[in-house]
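Below: the structure, in structure tokens.
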Protein chains: 2
Amino acid sequence: MEEQFIKIATLIGDPTRASIMWALLDGRAFTATELAIVANTSPQNISMHLGKLLDASLLSVEKQGRHKYYRFSNKEIAYAIEGMANLISPTTVSKKKSTEKLSPVKHCRTCYDHLAGKIGVALTNSMLEQNIIVDVDNDFEISQEGVKWFSDFGIDVDEVKKKRRLFLKPCLDWSERKNHMAGSLAASLLDKMLADDWLRRTTNSRAIIITGKGEKELHKQFKIVV
Amino acid sequence: MEEQFIKIATLIGDPTRASIMWALLDGRAFTATELAIVANTSPQNISMHLGKLLDASLLSVEKQGRHKYYRFSNKEIAYAIEGMANLISPTTVSKKKSTEKLSPVKHCRTCYDHLAGKIGVALTNSMLEQNIIVDVDNDFEISQEGVKWFSDFGIDVDEVKKKRRLFLKPCLDWSERKNHMAGSLAASLLDKMLADDWLRRTTNSRAIIITGKGEKELHKQFKIVV
DNA sequence: ATTATAGTTAAAGACAGAATGAAGTATCTG
DNA sequence: CAGATACTTCATTCTGTCTTTAACTATAAT
């Protein structure tokens with residue numbers, strides 16, 4: 001088992017491959033070329049690295065015409081990467097420089113366990129406006145009022161913070177060119193909205209359907225017109 | 001933030017350092033020399049690697065005479081490593097060769113979140129005898145009866161399995177020279193025993209006190225004489 | 001004191017594995 | 001069809017970093 005662990009650690013522990021994993025963390029699928037741009041390296045090189053990650057089943061591919069879409073092969077991968085991301089020192093997280101370059105990727109797909117797309121962005125904007133969450137140097141933090149708001153909404157922030165994953169981070173939604181929330185808080189929010197029947201999952205796709213109740217509540221609480 | 005992530009990934013992703021992290025996973029503290037033996041390298045080299053891990057605050061040291069004891073600097077580190085260990089393919093886990101060498105380390109301290117020491121080992125032995133858990137090539141697995149047993153004990157195994165960490169693994173207790181259980185199942189078991197007041201934590205040490213009730217129950221259910 | 005053990009530091013060397021360059025296949029576009 | 005784009009493969013080069021050699025400090029044992 002130790003060798004297996006070392007194998008996985010060294011796989012993730014190469015700068016280029018770590019960069020790939022970091023980019024894939026939000027759950028979207030990227031093409032090889034996109035990943036080459038994100039990781040700042042050549043197509044040949046990214047191809048080699050993606051091959052290694054595929055061999056180890058850390059990633060899965062889906063071929064669409066001449067494109068190949070890469071993503072994490074399962075949730076455990078995302079959790080493992082998040083677990084490592086949790087080790088990023090808190091000071092660094094809040095001091096993150098705002099000039100960080102944005103990767104020129106245009107695709108947007110459903111994120112693993114949180115709301116993305118138009119609704120996700122609108123919801124995030126509304127929460128920023130209402131000071132439930134605040135933007136600190138391109139990083140999201142929850143405010144005092146926010147903790148209360150979530151509590152009223154039926155989510156215990158302290159409990160969510162105990163989860164062994166990234167609490168809250170912005171996730172750039174390229175279809176909207178704006179950030180939406182990701183992390184355990186965003187996941188809890190989605191869970192709650194599903195539980196309260198604001199939203200429903202569809203069986204065979206990642207699409208989310210907004211119920212009549214959800215439409216009403218989203219407008220009432222967030223001024224979102226669906 | 002990306003650079004920070006890459007830094008952490010490359011730190012863990014060196015074979016020698018991965019080996020160190022793997023050894024420390026059970027929560028015990030190791031000396032530099034012990035880690036050199038475990039990682040199969042020289043004292044100078046281990047010193048260099050430990051220095052890097054210290055610089056990044058992944059580890060903490062405690063000096064005792066001419067020895068230096070290294071351990072994870074906080075729980076998040078352990079969770080991150082566990083998250084990576086979760087990616088070890090299930091087939092590999094069950095096919096693990098039993099000839100794997102055991103590291104010649106004699107120290108034993110309290111493990112992070114599960115019972116260790118004499119009681120931990122006795123409990124594990126009893127569970128093996130009762131077929132609640134089974135030993136498959138030096139790896140622990142829960143049996144069908146085991147799932148029922150835990151359910152009767154008030155622990156929902158399916159729920160525990162959902163947690164993003166290693167479910168069950170043997171952890172060699174050198175003071176006893178036998179294995180005890182580690183992982184989320186072992187953690188749940190400890191939690192439950194604390195909740196049921198079989199055991200109590202002490203305030204300023206990692207020692208666990210067995211209550212009168214606990215003594216009775218441990219004898220009744222596991223034939224353990226405290 | 002003397003010797004042994006635990007650990008560190010600095011410099012030189014060795015090597016794995018990453019990047020590069022060149023050439024190829026497959027798919028889309030007009 | 002021709003030309004462009006997406007991606008891969010292989011052989012070669014190269015570089016970062018791990019290991020080793022050697023010399024050193026500090027604590028413990030006898």
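Convention: sequence-line order gives letters A, B, ...; per-chain numbering from 1. Reckoned from all heavy atoms, side chains included, excluding hydrogens, waters and symmetry mates.
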Quick one: list whatever passes side chain to side chain donor-acceptor pair (under 3.5 Å) with Ser126(A), sequence neighbours left out. Gln130(A)
Here the pair of heavy atoms bringing Leu168(A) nearest to Ile142(A) is CD2-N, 4.3 Å
Among all residues two or more places apart in sequence or in another chain, which pass the side chain to side chain donor-acceptor pair (under 3.5 Å) test with Thr124(B)? none
Partners meeting side chain to side chain donor-acceptor pair (under 3.5 Å) with Glu159(B) (sequence neighbours left out): Lys162(B)
So, using side chain to side chain contact (heavy atoms under 4.5 Å, CB included) as the criterion, who are the partners of Ala80(A) when residues are at least two apart? Leu87(B)
Extract, from 5' to 3' on DNA chain C, the first and final nucleotides lying under 4.0 angstrom from some heavy atom of chain A. dA18(C) to dC28(C)
Sequence-aligned protein contact record of nucleotides 16-30 of chain D, with B where the base is within under 4.0 Å of a protein heavy atom and S where only the sugar-phosphate is: --SBBBB----BS--
Quick one: bend of the helix from dA1(C)-dT30(D) to dG30(C)-dC1(D) from 5 pairs per end, to 10°? 30°
Tyr70(B): what forms a ring-ring contact (aromatic ring centres under 6.0 Å, His included) with it, not counting sequence neighbours? none
Shortest non-hydrogen separation from Met21(B) to Phe72(B) and the atoms involved: O-CZ, 3.3 Å
For residues 42-61 of chain A, which side-chain donor-acceptor pairs fall under 3.5 Å, sequence neighbours excluded?
{"residue": "Ser42(A)", "atom": "OG", "partner": "Gln44(A)", "partner atom": "OE1", "Å": "3.4"}
{"residue": "Ser42(A)", "atom": "OG", "partner": "Asn45(A)", "partner atom": "N", "Å": "3.2"}
{"residue": "Asn45(A)", "atom": "ND2", "partner": "Thr41(A)", "partner atom": "OG1", "Å": "2.9"}
{"residue": "His49(A)", "atom": "ND1", "partner": "Arg17(A)", "partner atom": "NH1", "Å": "3.0"}

Only counting residues at least two apart or in another chain, list the ones meeting ring-ring contact (aromatic ring centres under 6.0 Å, His included) with Phe167(B). none
Please name all residues satisfying side chain to side chain donor-acceptor pair (under 3.5 Å) with Lys192(B), sequence neighbours left out, ordered by chain then number. Asp196(B)
